[in-house]
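Basis for what follows: all heavy atoms, side chains included, without hydrogens, waters or symmetry-related copies. Residue indices begin at 1 and follow the sequence shown.
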Amino acid sequence: MTIKVWSMSPTYGYFAKEGLDYLQSRGYQVDMIPQKAILSEDEISETLKRYDAVIGGGMRISANSLKEADGLKIITQPGVGVDHIDVAAATAKGIPVTNTPGANRYSVMELTFGLFISLARQIPYGQQAVRQGQWPKVMGGLLRDKTLGIIGMGTIGKTIAKMGLAFGMKVVGYDIYPDEDFAEKNNIKYLELEEILKQSDFISLHVFLSDQTKNLIGMKQIEMMKPTAFLVNMARGGVVNEDDLYKAMSEKMIAGAALDVLSQEPPRAEVALSRLDNVIVTPHMGGYALEVSRDCGLICSRNIHAFFTGEKPENVVNPETLKHV
């Protein structure tokens, strides 16, 4: 009997074929969602009933979506974040959920610094001025000798830290589980969240979205920042209170902000923050690169094949479901 796989990812199999080829060459049926498709919860629920395995994307896989998916055996996510998947509901049905931690760490790191440099050197303003026939003197600032504060010192946060050191920055970090060995080896200091906000010239967010991190950065936290500070959110949209950030940026309380993630993706209307000249908004592209698409696709595909051949998949976030391996 052919094992059926549904890809909900807008990238899997479209930009890099290795993962798709891996499954198809082993006899799996793989159906891919159209890249721009946005499905309702009911549509997702109806589709999940017909498949044995799912490759996730950005759309929510809720408890209701899983309720009647009695044939579904495994969910794989091409990326680290699984907050859009009801893992508890999957666990209750005995469905393992896997992700690909670390696979996109370099692409996220590169875009983070691309956004910091764009903000500090006013690159969007300079480009727009030239397009309008102007040739202004644009006086930006350097990253060198500045303090980089990283909120969330996991795999990506540590990669950001090492690049910050390469830029000649002083690096401080915050994490609920501080890795003191890493900090000592790399001359990085862990601080409390308030001190990160007060001391940093550049602040980078790399935390999971949870009840504890929702609205982690709001008006109270922004008021603690230096007026010359730059904030970049590469984590999840809900980590930053966007209404508070809009008010703060409208009043130029800090020097600049960049968001690669929003609380509603895709946005239902024009993003108000994108109209501000001290804010950059990008379409959740931090983890997207050809190399990342290839690696994530292969990891997801190998996890699916491992599961159905009785082997243990990698990076299972609910390992209690793996009773058969």
(message) Assess the residue pair Ile74 and Phe308 against the criterion (side chain to side chain contact (heavy atoms under 4.5 Å, CB included)); give the C-alpha distance rounded to whole Å, side-chain angles, the decisive distance to 0.1 Å, and a yes or no.
(response) CA-CA 9 Å; Ile74 184 171; Phe308 286 106; 4.0 Å; yes
(request) State whether Lys185 and Asp181 are salt-bridged, where the test is any N-O pair (Lys NZ or Arg NE/NH1/NH2 against Asp/Glu carboxylate O) under 4.0 Å. (result) yes
(request) Test Ser210 against Asp83 for side chain to side chain contact (heavy atoms under 4.5 Å, CB included), laying out the working first. (result) CA-CA 8 Å; Ser210 66; Asp83 49 276; over 6 Å; no
(message) Has Thr213 got a side-chain atom pairing as donor or acceptor with Phe208's backbone, closer than 3.5 angstrom?
(response) yes
(message) Would a single hydrophobic cluster contain both Val261 and Val82, if residues Ile, Leu, Val, Met, Phe, Trp and Tyr are joined by side-chain heavy-atom contacts under 4.5 Å?
(response) no
(message) Just checking Lys226: does its NZ atom have more than 12 heavy atoms from other residues, nucleotides or ligands closer to it than 6.0 angstrom?
(response) yes
(message) With a 3.5 Å distance limit and no angle check, can you tell me whether Glu195 reaches the backbone of Glu192 through a side-chain donor-acceptor pair?
(response) no
(request) Identify the two heavy atoms, one from Phe230 and one from Ala120, that lie closest to each other, and give their separation to 0.1 Å. (result) CZ-CA, 3.8 Å
(request) State whether the side chain of Asn233 and the backbone N or O of Arg236 hold a donor-acceptor pair below 3.5 Å, judged by distance alone. (result) yes
(request) If the plane angle is over 60° it's perpendicular, under 30° parallel, otherwise tilted; pick one for His305 and Tyr22. (result) perpendicular
(request) Determine, stepwise, if the pair Leu165 / Asn187 fulfils side chain to side chain contact (heavy atoms under 4.5 Å, CB included). (result) CA-CA 9 Å; Leu165 294 170; Asn187 194 29; 5.5 Å; no
(message) How long is the straight-line distance from CD of Gln221 back to CD of Glu194, given to the nearest 0.5 Å?
(response) 8.0 Å
(request) Tell me, with the steps shown, if Ser9 and Ser7 meet side-chain hydrogen bond (donor to acceptor under 3.5 Å, both in side chains). (result) CA-CA 5 Å; Ser9 167; Ser7 171; 4.7 Å; no
(request) Evaluate the side-chain proximity of Arg60 to Glu41: yes if any heavy-atom separation is below 4.5 Å, no if none is. (result) no
(request) Heavy atoms only: give me the nearest Ile280-Pro124 pair and the separation to one decimal. (result) CD1-CG, 3.7 Å
(request) Check whether any side-chain heavy atom of Leu245 sits under 4.5 Å from a side-chain heavy atom of Ile217, and report yes or no. (result) no
(message) Using a 6.0 Å cut-off, check whether atom CD of Glu180 has over 12 heavy atoms from anything other than its own residue.
(response) yes
(request) Rounded to the nearest 0.5 Å, what's the gap from NE2 on His206 to CZ on Arg105? Could you check? (result) 14.0 Å
(request) Compare every heavy atom of Val97 with every heavy atom of Ala90, then report the nearest pair and how far apart it is. (result) CB-CG2, 3.8 Å
Just list the side-chain donor-acceptor pairs under 3.5 Å for residues 134-148, sequence neighbours left out, or say none.
| from | atom 1 | to | atom 2 | distance (Å) |
| --- | --- | --- | --- | --- |
| Gln134 | NE2 | Gln132 | OE1 | 3.1 |
| Lys146 | NZ | Leu142 | O | 2.6 |

(request) Using a strict 4.0 Å threshold on nitrogen-to-oxygen distance, state whether Lys49 and Glu68 make a salt bridge. (result) yes
(request) State, with a plain yes or no, whether a side-chain heavy atom of Leu276 is found less than 4.5 Å away from one of Ser250. (result) yes
(request) Side-chain contact test, heavy atoms from C-beta onward, threshold under 4.5 Å: evaluate it for Val80 versus Thr155 and give yes or no. (result) no
(request) Under the side chain to side chain contact (heavy atoms under 4.5 Å, CB included) rule, what do Asp70 and Lys93 come out as? Steps first, then yes or no, please. (result) CA-CA 8 Å; Asp70 296 329; Lys93 291 183 72 72; 3.0 Å; yes
(message) Below 30° counts as parallel, above 60° as perpendicular, anything between as tilted: where do the rings of Tyr51 and Trp6 land?
(response) parallel
(message) I'd like to check Ile150 versus Val171 (side-chain heavy atoms, cut-off strictly below 4.5 Å). Are they in contact?
(response) yes
(request) Would you check if Met234 and Leu115 make a side-chain contact, meaning some heavy-atom pair closer than 4.5 Å? (result) yes
(message) Under 3.5 Å, is there a donor on one side chain and an acceptor on the other for Ser293 and Tyr14?
(response) no
(request) Check whether Leu111 and Leu259 end up in the same hydrophobic cluster, where Ile, Leu, Val, Met, Phe, Trp and Tyr are linked by side-chain heavy atoms less than 4.5 Å apart. (result) no
(request) Would you kindly confirm whether Ile55 and Leu72 end up in one hydrophobic cluster when ILVMFWY residues are joined by side chain heavy atoms under 4.5 Å apart? (result) no
(message) Please find the pair of heavy atoms, one from Asn303 and one from Glu314, that lie closest to each other, and give the distance.
(response) OD1-N, 2.7 Å
(request) Kindly indicate whether the side chain of Cys296, heavy atoms from C-beta on, has any atom under 4.5 Å from the side chain of Val292. (result) yes
(message) Would you say Ile222 ends up clustered with Leu197 if hydrophobic residues are merged whenever their side chains have heavy atoms under 4.5 Å apart, either directly or through other cluster members?
(response) yes
(request) Calculate, to the nearest 0.5 Å, the distance between atoms OH and CD1 belonging to Tyr106 and Ile156 respectively. (result) 11.5 Å
(request) Would you indicate whether the side-chain heavy atoms of Ile61 and Met8 approach each other to under 4.5 Å? (result) yes
(request) Tell me, please, whether Phe182 has Lys158 positioned over its six-membered ring: NZ or CZ under 6.0 Å from the ring centre and within 45 degrees of its axis? (result) yes
(request) May I ask whether Tyr174 and Ile254 are part of the same hydrophobic cluster, defined by side-chain heavy atoms of I, L, V, M, F, W, Y residues being less than 4.5 angstrom apart, directly or through others? (result) yes
(request) Would you confirm whether Asp260, through its side chain, and His284, through its main-chain N or O, come within 3.5 Å as a donor-acceptor pair? (result) yes
(message) Given 3.5 Å as the limit, does a donor-acceptor pair link the side chain of Asp244 with the main chain of Gly218, or not?
(response) no
(message) So which atom in Ile33 and which in Ala37 form the shortest heavy-atom distance, rounded to 0.1 Å?
(response) CG1-CB, 3.7 Å
(request) Could you tell me whether the side chain of Gln24 and the main chain of Gln29 form a donor-acceptor pair under 3.5 Å? (result) no
(request) Any chance you could measure Glu43, atom CD, to Ile38, atom CD1, to the nearest 0.5 Å? (result) 10.5 Å
(message) Measuring from atom OG1 of Thr100 to atom CD1 of Ile299, what distance do you get when rounded to the nearest 0.5 angstrom?
(response) 5.5 Å
(message) To check you understand the geometry: which heavy-atom pair defines the closest contact between Pro96 and Phe307, and what is its length?
(response) CG-CE1, 3.7 Å
(message) Quick check for you: to the nearest 0.5 Å, what is the distance between Ile304 atom CD1 and Thr309 atom OG1?
(response) 11.5 Å
(message) Between Asp31 and Lys4, does any side-chain N to carboxylate O distance fall below 4.0 Å?
(response) no
